Amino acid sequence: DVKVTQSSRYLVKRTGEKVFLECVQDMDHENMFWYRQDPGLGLRLIYFSYDVKMKEKGDIPEGYSVSREKKERFSLILESASTNQTSMYLCASSLLAGRPPYFGPGTRLTVL
Amino acid sequence: KNEVEQSPQNLTAQEGEFITINCSYSVGISALHWLQQHPGGGIVSLFMLSSGKKKHGRLIATINIQEKHSSLHITASHPRDSAVYICAVIKTGNQFYFGTGTSLTVIP
């Protein structure tokens, strides 16, 4: 069974802290994505990766960075968390570009 | 302006009702997905469409490429259908663009 896991379901951090959100998929997928989901705005793409050590900016990359050192793992980094980064963060992976992505359960991050 | 628009944003129905959720998009696409998100966050893909109509159980999805419009229908709705339904399109270039979702509540 296909699986995308995220390191935490809920996370509370303070303004200015460095935050790591980890995502692991066990399907040998090439493509991995990080989205944030906010009420009324839907899912917005932060970063994506089509291969190891490769990354591309999505629609809202400001304040975020990513790392993909291994095929199965895609990390989202908030260098200095701010309150406007309070959101639900969803990781996804897909085998082929355009095929249905498989989503992780999400991490609800609160920045105080 | 969002390239993918969904309506309605919120929908409450009585159990057994026929439900329609609409999705309009303004860009050229290679395919369209309907996704379901239950409380707690997990999102699953229901359908991928590039033309015509697909049916899975009580769910039916249609797409009209010329009119840039898709609909998701739920027949004989049930409280377990309560979820957020999200329309997503794949532009040429293989990036997903998402609608803001329709929150459906089915009352027993």
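By convention in this document, chain letters (A, B, ...) are assigned in the order of the sequence lines, proteins followed by strands, and residues within each chain are numbered from 1. Computed from a prediction, not measured in an experiment: that's the story for all the values here.
Annotation: B:Arg58, atom CZ; neighbour count of heavy atoms from other residues, nucleotides and ligands within 6.0 Å is above 12. By the neighbour-count criterion of 12 heavy atoms within 6.0 Å, atom CD of B:Gln9 is sparsely surrounded, having that number or fewer from other residues, nucleotides or ligands. The local environment of CZ in A:Arg108 is sparse, with at most 12 non-hydrogen atoms from other residues, nucleotides or ligands closer than 6.0 Å.
A:Asp38 does not touch chain B: none of its heavy atoms, backbone or side chain, sits under 4.5 Å away. Residue B:Thr100 touches chain A through both its backbone and its side chain, counting heavy-atom pairs closer than 4.5 Å. Proximity to chain A (any heavy atom under 4.5 Å) is shown, for B:Phe47, by neither the backbone nor the side chain. With a 4.5 angstrom heavy-atom cutoff, A:Leu45 touches chain B only via side-chain atoms.
The shortest distance between side-chain heavy atoms of B:Val84 and A:Gln37 does not fall below 4.5 Å. By the 4.5 Å heavy-atom criterion applied to side chains, A:Phe103 and B:Leu35 are counted as neighbours.
Taken together through direct or relayed side-chain contacts under 4.5 Å among Ile, Leu, Val, Met, Phe, Trp and Tyr, A:Phe48 and B:Phe96 form part of one hydrophobic cluster. Follow the hydrophobic side-chain contacts under 4.5 Å out from A:Leu11 and you never reach A:Ile77; the two are in separate clusters. Hydrophobic clustering places B:Val106 together with B:Leu59 (ILVMFWY residues linked when any side-chain heavy atoms are closer than 4.5 Å, directly or through intermediates).
Taking CZ of B:Phe98 as the start and OH of A:Tyr35 as the end, the distance is 4.0 Å to the nearest 0.5 Å. The CG atom of A:Leu90 lies 5.0 Å from the CD1 atom of B:Ile43; values are rounded to the nearest 0.5 Å.
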